[in-house]
2 protein chains.
Amino acid sequence: MALEIKPSQALKLWRQVHLDLVQDAHSDLSVRQTAILLTIYLELPPHTVRGLASRLGVTKPVITRALDSMGKLGLVSRRRDETDKRNVVIQRTVAGALAVEHLADLVTARARELGPA
Amino acid sequence: MALEIKPSQALKLWRQVHLDLVQDAHSDLSVRQTAILLTIYLELPPHTVRGLASRLGVTKPVITRALDSMGKLGLVSRRRDETDKRNVVIQRTVAGALAVEHLADLVTARARELGPA
DNA sequence: CGATAATGATACGGCCCCGTAACGATCGGG
DNA sequence: CCCGATCGTTACGGGGCCGTATCATTATCG
């Protein structure tokens, strides 16, 4: 079930998708923001600031600021946890799901174009 | 010859490698810098500032600054073209080759761990 | 030789992100 | 009921990257 990929293929894939990302004006996410976004959309909810911070090995302000900027882009939203009002629950959005899906399409399309070497 | 990868696998791979990159203190390259680095190491030399700029669809100062910062990290080096002293030839370095190889290992290792879904 | 073009670097103002430290709000145990 | 612990946010100073405009150097062509 493992995905077999040669190092040279991995590099070509990584480069090509990064070229796409650089030229795509809409995707302006940093590496950290991308890691946060994908964690929110791939791992089971609920997601909290503290949980994401420890999951990524970064400080809490990093998460707060990333949620701020990604929130402005409509990729995520926040809501107070009513059972424990100290917590903030990070929620997915339609725009965020579309962005993630777009990334998936990009990677799969570029993988499909890879040669054997 | 094409690499078959499902969208869900692509996302898991992308997320896991990004998590690795975030937690690896040494790799602090932006998306643009990564695209530049991989282009230098995967495409045939010679590489020039102008060539990379048009290849990536960015302005020349972006390339100059990226070469400055990556040069400080020892990932690339620059040399004047003696036949046309207006040009600068970007050269690979041992450290840069190791960094690229490290990235390739990262991607291939994470791909190998992917499940079927 | 002189004017023009081309190349890469630099200056500038602006924006975003970082890490540390502190803060207000909320919860929970004694 | 209160005091400490926890949660997320904000303040602060610093640094990096951005795009535009401009610059010095070098090549080219009439």
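These numbers come from the heavy atoms of this one structure, side chains and all, not from hydrogens, waters or symmetry mates. In what follows, chains are A, B, ... by sequence order, proteins preceding strands, each numbered from 1.
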Can you find a side chain N or O atom of B:Thr64 that sits less than 4.0 Å from OP1 or OP2 on C:dA9?
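Yes, such a contact exists.
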Side-chain polar contacts of residues 54-62 of chain B - donor-acceptor pairs under 3.5 angstrom, sequence neighbours left out - could you list them?
{"unit_1": "B:Ser54", "atom_1": "OG", "unit_2": "B:Gly51", "atom_2": "O", "d": "3.1"}

When the distance from [atom1] of [X] to [atom2] of [N] is rounded to whole Å, what number comes out?
X	N	atom1	atom2	value
A:Ile90	D:dT9	CD1	C1'	13 Å
B:Glu82	D:dT25	CD	C1'	13 Å
B:Asp68	D:dG16	CG	C1'	12 Å
B:Asn87	C:dA9	CG	P	11 Å
B:Asp81	C:dG8	CG	C1'	12 Å

Letter per nucleotide, 5' to 3', of nucleotides 15-26 of chain C [B base touched, S only sugar-phosphate touched, - untouched; heavy atoms, 4.0 Å]:
--SBBBB----B
Not counting sequence neighbours, which residues clear side-chain hydrogen bond (donor to acceptor under 3.5 Å, both in side chains) with [X]? List them please.
X	value
B:Thr39	A:Arg15
B:Arg65	none
A:Ser69	A:Gln33

side-chain contact (heavy atoms from CB on, under 4.5 Å) with A:Arg86: which residues, sequence neighbours excluded?
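So A:Arg86 forms a side-chain contact (heavy atoms from CB on, under 4.5 Å) with A:Asp84.
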Going by salt bridge (charged side-chain N to carboxylate O under 4.0 Å, His left out), name the pairs with one or both residues in residues 20-35 of chain B, residues two or more places apart or in two chains.
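Residue pairs passing salt bridge (charged side-chain N to carboxylate O under 4.0 Å, His left out), neighbours aside: B:Asp20-B:Arg110.
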Tell me the salt bridge (charged side-chain N to carboxylate O under 4.0 Å, His left out) pairs involving residues 88-97 of chain A, sequence neighbours left out?
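The answer is none; no pair qualifies.
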Which parts of residues 34-52 of chain B get close to DNA chain D, meaning a heavy atom less than 4.0 angstrom away?
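Within residues 34-52 of chain B, no residue comes under 4.0 Å of DNA chain D.
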B:His18 vs A:Trp14 aromatic rings, parallel, tilted or perpendicular, using cut-offs 30° and 60°?
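Ring orientation, 0 to 90° scale: tilted.
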